[in-house]
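The structure appears right after this line, and notes come after that.
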There are 2 protein chains.
Amino acid sequence: MRMETRRDVFQAIADPTRRAIIMLLAAGSMTPNALAEHFNSSRQAVSKHLQVLTECEVLTQEQKGREIHYHLNSTKMKEIEHWLEQFKQLLSKRFDQLDDVLTKLKTNKK
Amino acid sequence: MRMETRRDVFQAIADPTRRAIIMLLAAGSMTPNALAEHFNSSRQAVSKHLQVLTECEVLTQEQKGREIHYHLNSTKMKEIEHWLEQFKQLLSKRFDQLDDVLTKLKTNKK
DNA sequence: TATCTTTGCAACCATTTGGTAGCGTAATGA
DNA sequence: TCATTACGCTACCAAATGGTTGCAAAGATA
């Protein structure tokens, strides 16, 4: 029973196709059709992923006539970076504590 | 029509509860019951997440009597880091190209 | 030994996901 | 003007997800 649809960067990068789309858009903005050509999946399938990515605010749309150009909002990706940073800090803290324990054992042995 | 169950680090961190579990385990190994106390969800729900995380090889189990201690395989997290690194490189490349264009425009104006 | 505790596992359920097919609309181009 | 193209949107489908309840196994404890 999920309360609400979770739409965050972490969900954005959960799907391999979406990760590929992000990578392609990191190289430059593209239209759905141009993107779809890079995949086996249909235009609609890619379009759905683009929708998800837009909801996650990883992408922004720019209408140009009948074409829509999708741009990457690279700042959103920093959330992942930030989370990883916190994770690494927790890890290093743990190893610091382990160091403490080892140091104490040493001094006790003296 | 999904071909196979996707089980990778990216799917592991897609769920907020799983991200929290990873954070807790970054501080030190724990049993399912101890973990479940940190959440509103039931032991079984947490256990399911642990199962997913184990399948993703983000966690390893260690049986100690009737208790099971879950440990973090922090090396798996490097996959995320690696992906982010690639992403950033692509981004910077794009900006380099933009720089090229700007430089050329400058020289043309001369 | 009998009982409690920790845990995995299977069954089940509602919702979400990733995908397809088809329709409507608006812009482009002959 | 008429055909084509690019796209969003809806409806639909099978599989996956996140969650629950209940049960069984095996270790701890009295």
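Naming: A, B, ... by sequence-line order, numbering from 1 per chain.
Between A:H49 and C:dT17 there is no side-chain polar atom (N or O) within less than 4.0 angstrom of OP1 or OP2. Look at A:S42 and you won't find any side-chain N or O under 4.0 angstrom from OP1 or OP2 of C:dA21. Between C:dT5 and B:N33, no contact under 4.0 Å exists linking OP1 or OP2 to a side-chain N or O. OP1 or OP2 of D:dA6 has not a single side-chain nitrogen or oxygen of A:Y70 nearer than 4.0 Å. Phosphate proximity of C:dA27 to A:Q63: absent, as no side-chain N or O sits under 4.0 Å from OP1 or OP2. The shortest distance between the side-chain N/O atoms of B:R7 and the OP1/OP2 oxygens of D:dT17 is below 4.0 Å. A close approach under 4.0 Å does not occur between any side-chain nitrogen or oxygen of B:S47 and OP1 or OP2 of C:dT7.
Using a 4.0 Å heavy-atom criterion, one finds that B:S41 contacts no nucleic acid atom at all.
Nucleotide D:dG18 holds its C1' atom 15 Å from the CZ atom of B:R19, rounded to whole Å. When rounded to the nearest whole Å, the span between CG of A:D8 and P of C:dT16 equals 15 Å. Taking atom CG of A:L35 as the reference point, atom P of D:dC7 lies 9 Å away to the nearest angstrom. Distance A:Q61 CD to D:dC7 P: 11 Å, rounded to the nearest Å. Whole-Å rounding puts the B:R18 CZ to D:dA16 P distance at 15 Å. For A:Q51 and D:dG8, the CD to C1' distance is 8 Å, given to the nearest whole Å. Taking atom NZ of A:K48 as the reference point, atom C1' of D:dA15 lies 13 Å away to the nearest angstrom. Put simply, CD on A:E55 is 12 Å from C1' on C:dT16, counting in whole angstrom units.
For the pair A:F10 and B:D15, the minimum side-chain heavy-atom distance is 4.5 Å or more. Residues B:P32 and B:Y70 form a side-chain contact, since some pair of their non-hydrogen atoms from C-beta on lies under 4.5 Å apart. Put simply, the side chain of B:H71 reaches to within 4.5 Å of the side chain of B:E62, judged on heavy atoms. Looking at A:L50 and A:R18, their side chains never come closer than 4.5 Å, going by heavy atoms from C-beta outward. Considering only heavy atoms from C-beta on, B:L59 stays 4.5 Å or farther from B:N73 through its side chain.
A donor-acceptor contact under 3.5 Å links the side chain of B:R43 to the base of C:dG8. Counting distance only, with no hydrogens placed and no angle test, the side-chain atoms of A:Q44 and the base atoms of C:dG22 include a donor-acceptor pair under 3.5 Å. A donor and an acceptor atom sit less than 3.5 Å apart, one in the side chain of B:R66 and one in the base of C:dT5.
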Name every donor-acceptor pair, under 3.5 Å, that has one atom in a side chain of residues 81-91 of chain A and the other anywhere in the protein, sequence neighbours excluded.
unit_1	atom_1	unit_2	atom_2	d
A:E81	OE2	B:K88	NZ	2.7
A:K88	NZ	B:E81	OE2	2.7

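With the nearest nucleotide of DNA chain C identified for both A:T17 and A:G65, A:T17 has the one nearer the 5' end. Along DNA chain D, the nucleotide closest to B:K64 and the one closest to A:E67 are compared, and the more 5′ of them pairs with A:E67.
Of the candidate nucleotides C:dG19, C:dT17, D:dC7, C:dT17 has the atom nearest to the side chain of A:Q11. Set against C:dT7, D:dT20, D:dC7, the side chain of A:I68 has D:dC7 as its closest nucleotide.
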